[in-house]
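Note sheet for the following structure.
All values below come from the heavy atoms of this structure, side chains included, with hydrogens, waters and symmetry mates left out. Quick note on labels: first sequence line is chain A, next is B, and so on, each numbered from 1.
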Amino acid sequence: MQGFSEELVKFSTCDIADGLVNLYSIADGGYFANLTQYSGKSSTPVVGRAYTVLFASADDPRPAVNYIDEIPRGSFVVIALSKDLQTMYAPYVKVTQACYGGLMSTRAKYQGAVGSVIFGRVRDVDEHRALEYPVFSYGLGACAPKMALKPVAINVPLEVSCIDGTDRIIQPADYIVGDEHGIVRIPGDIDVEKLLEYMKASVEADELVAQDIKAGVPAKQAQQERRKVLKRFF
Amino acid sequence: MQGFSEELVKFSTCDIADGLVNLYSIADGGYFANLTQYSGKSSTPVVGRAYTVLFASADDPRPAVNYIDEIPRGSFVVIALSKDLQTMYAPYVKVTQACYGGLMSTRAKYQGAVGSVIFGRVRDVDEHRALEYPVFSYGLGACAPKMALKPVAINVPLEVSCIDGTDRIIQPADYIVGDEHGIVRIPGDIDVEKLLEYMKASVEADELVAQDIKAGVPAKQAQQERRKVLKRFF
Amino acid sequence: MQGFSEELVKFSTCDIADGLVNLYSIADGGYFANLTQYSGKSSTPVVGRAYTVLFASADDPRPAVNYIDEIPRGSFVVIALSKDLQTMYAPYVKVTQACYGGLMSTRAKYQGAVGSVIFGRVRDVDEHRALEYPVFSYGLGACAPKMALKPVAINVPLEVSCIDGTDRIIQPADYIVGDEHGIVRIPGDIDVEKLLEYMKASVEADELVAQDIKAGVPAKQAQQERRKVLKRFF
């Protein structure tokens, strides 16, 4: 199933969200908001399978785990804090400590990870940039997590608090796609081949819509005409 | 009255806020905070007349309206969500869906709009940039609004929740000026000619203040001396 | 004691936070979060001694003070609002007015200040950039403070509300170091010579860790080996 990464990289997070909302009625399009990409920017999105890591308070009874040394090749490292440390409003986490830094990206890149997304703070921004390794996060920190946070579980479902009061889930091995807008998650029960086929047709249709609009056709009319080809998917 | 745009474009949002607070005792200077300009950046601000669009929940009883195809030339498209979908704290809206995207900017530009400000999320950032069309918003999204939001009214007053607990209003046809700081609104009952005259004198005075300070004159003294010329406005 | 600035400038905010958390068990590493550096960016951090300024509501009974004309050489100007005007969540302050602008940076630079950090809003971003003078803040504003805020005290301890419910203090003359991550404060009772010695050893050790990781040594093993040299500090 790893093969889909090569195909998915041709589509933006917006294209994928379009596919998920239109084909599968996923209202939020699988999108996770309020992330900034601090490093590894390029003209194509970052695509990989979620390798999930849960951080909790430093005084959590669970022992700290070593998550960084065994990341599988092709992983998108996804780090979230336990729910009690999340907030609905910015800065989205109750700690100012970073839970991810330059040495983590150095090892993740060595292991063949494609990028890291941290629903929390990161530090050492210059190091991630020098590595040309994509790192997304809610914000920055300067202090190491030592006295505040520790990693307690790997390959577990992660819950991310959302402004609408719901929690959004990321499961291990979900496809994760990231670009300037943030990340989208493709749930594991989605037919990715069908999604790819839909997105290809949808992007082609919308390129024609854009051409029509530039030629003076009203947007609504152009969308109705050009998107007729998508009816075969429903 | 459209002619004022050519004059207003010579002044930053800071200059205009100065004029509104000093000449008209508008305490907030007409300023709307927490916006980011994602595209169409240039050395001069964006100036136009507000073309207002209200979005509400997808389940709102009102029918969706087509707002994009009839934008008047010279408009600054202003989009806000209904009050129940706004928050005082970041991310400032209760939805993660974008309510504005690349095809909207394509049509808005064709219609001769000068820019769009969305008190909500936008997507397709690369497309707005490729169009060199100015788009301001609270943040980004990837998913289309389809299942969450719809446009329900055009040319209505818009209310924007502010951190001080008040709502700030934008009326249709208000002059809107935008730059990196965000946007300012010039209320319709302001004498724009007088405002322009004041701003010209004020900017000239403050350039002399800056020169004085660089020559060693204390800031307070320089301001008192150089701003004496502004007394004729009061 | 001014001499430490030349040494401290060799270390990032992350290095300093590492020193403070590891040597002195300061859990947050002296870090102040959620700041953006809008101007004066360079490859080295900004280092100076805190010159503190407290702003309060315009209707505060205390008279306004002139803080800008007597800034001591080498100062890091630190401006905070009174606690009643701060919020734990973004935008972090209850006002949309800026309390700092271009003329302030012009004078601060003339006085030999190294930079300014405003726990609030700033305006005139282009002017700070043209001056190549470092300015950090929570966000931007366009309107002058006139009708909302005024400076009421100089060289007083400043309290900054933090997302964890605590207040963080900055004392006059504290060393302040700023870079893209925000700022860190070195409390006055810290042995800066010892801190510098630790940071030098720690940065050297971590450069070797990075080399090891790139050569295939697991991160945890490399850290344990290379950081053994730091044991002499404990």
Side-chain angles (χ1 to χ4, degrees), chain A residues 34 36 38-39 57-59 64-71 84-98 100-111 120-131 133 137-149 151 163, chain C residues 11-22 25-37 43 45 87-92 138-139 160 162-166 168 177-185 202 206-207 209-223 226:
Chain A
N34 309 319
T36 298
Y38 286 101
S39 59
S57 283
D59 59 5
V65 297
N66 175 358
Y67 75 90
I68 199 70
D69 283 321
E70 304 297 336
I71 302 171
D84 57 304
L85 298 175
Q86 300 183 32
T87 62
M88 281 170 61
Y89 300 110
Y92 306 111
V93 287
K94 289 185 187 162
V95 294
T96 58
Q97 287 86 352
Y100 186 90
L103 293 174
M104 301 301 102
S105 278
T106 308
R107 178 65 182 177
K109 186 175 179 176
Y110 179 85
Q111 290 285 108
R121 297 178 182 279
V122 301
R123 60 185 207 144
D124 305 324
V125 277
D126 287 341
E127 298 179 28
H128 308 297
R129 288 185 192 132
L131 289 163
Y133 177 82
S137 79
Y138 280 148
L140 300 179
C143 187
K146 194 179 176 184
M147 291 180 67
L149 300 168
I163 185 67
Chain C
F11 299 95
S12 73
T13 54
C14 302
D15 297 331
I16 292 168
D18 272 348
L20 294 176
V21 72
N22 287 320
S25 295
I26 296 175
D28 63 13
Y31 176 66
F32 289 76
N34 309 319
L35 294 162
T36 298
Q37 182 172 1
S43 57
T87 62
M88 281 170 61
Y89 300 110
Y92 306 112
Y138 280 148
V160 177
C162 182
I163 185 68
D164 61 12
T166 64
R168 307 226 171 139
V177 180
D179 64 19
E180 183 175 353
H181 300 87
I183 68 159
V184 291
R185 166 219 179 204
S202 174
D206 276 6
E207 279 167 7
V209 173
Q211 286 175 27
D212 286 353
I213 292 173
K214 286 174 183 171
V217 182
K220 192 173 181 183
Q221 180 188 329
Q223 286 170 325
R226 297 300 190 177

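Using a 4.5 Å heavy-atom threshold, the side chains of C:H181 and A:V125 count as touching. Looking only at side-chain heavy atoms (C-beta outward), C:D18 and A:R123 come within less than 4.5 Å of each other. A 4.5 Å side-chain heavy-atom check between C:I163 and A:V93 finds every atom pair outside the cut-off. A heavy-atom distance below 4.5 Å is found between the side chains of A:L103 and C:I213.
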Intermediate values then yes/no, side chain to side chain donor-acceptor pair (under 3.5 Å), C:R168 and A:T96
CA-CA 12 Å; C:R168 307 226 171 139; A:T96 58; 3.2 Å; yes
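In this structure, the side chain of A:Q97 does not engage the main chain of C:G29 through any donor-acceptor pair within 3.5 Å. Checked by atom type and distance alone, the side chain of A:N66 never pairs as donor or acceptor with a backbone atom of C:K220 at under 3.5 Å.
Shortest non-hydrogen contact noted between C:Y31 and A:L140 is OH-O, 3.2 Å.
For C:S12, no part sits under 4.5 Å from any heavy atom of chain A, backbone or side chain. With a 4.5 Å cut-off on non-hydrogen atoms, C:F32 does not touch chain A at all. Using a 4.5 Å cut-off between heavy atoms, C:N22 contacts chain A through both its backbone and its side chain.
Taking C:G165, C:C14, C:A33, C:A90 one by one and counting their heavy-atom pairs under 4.5 Å with chain A, the maximum is reached by C:C14. Comparing C:V217, C:D164, C:D28, C:T13 by heavy-atom pairs within less than 4.5 Å of chain A, the highest count is held by C:D28.
Between the CG atom of A:D69 and the CD atom of C:Q221 there is a distance of 8.5 Å, given to the nearest 0.5 Å.
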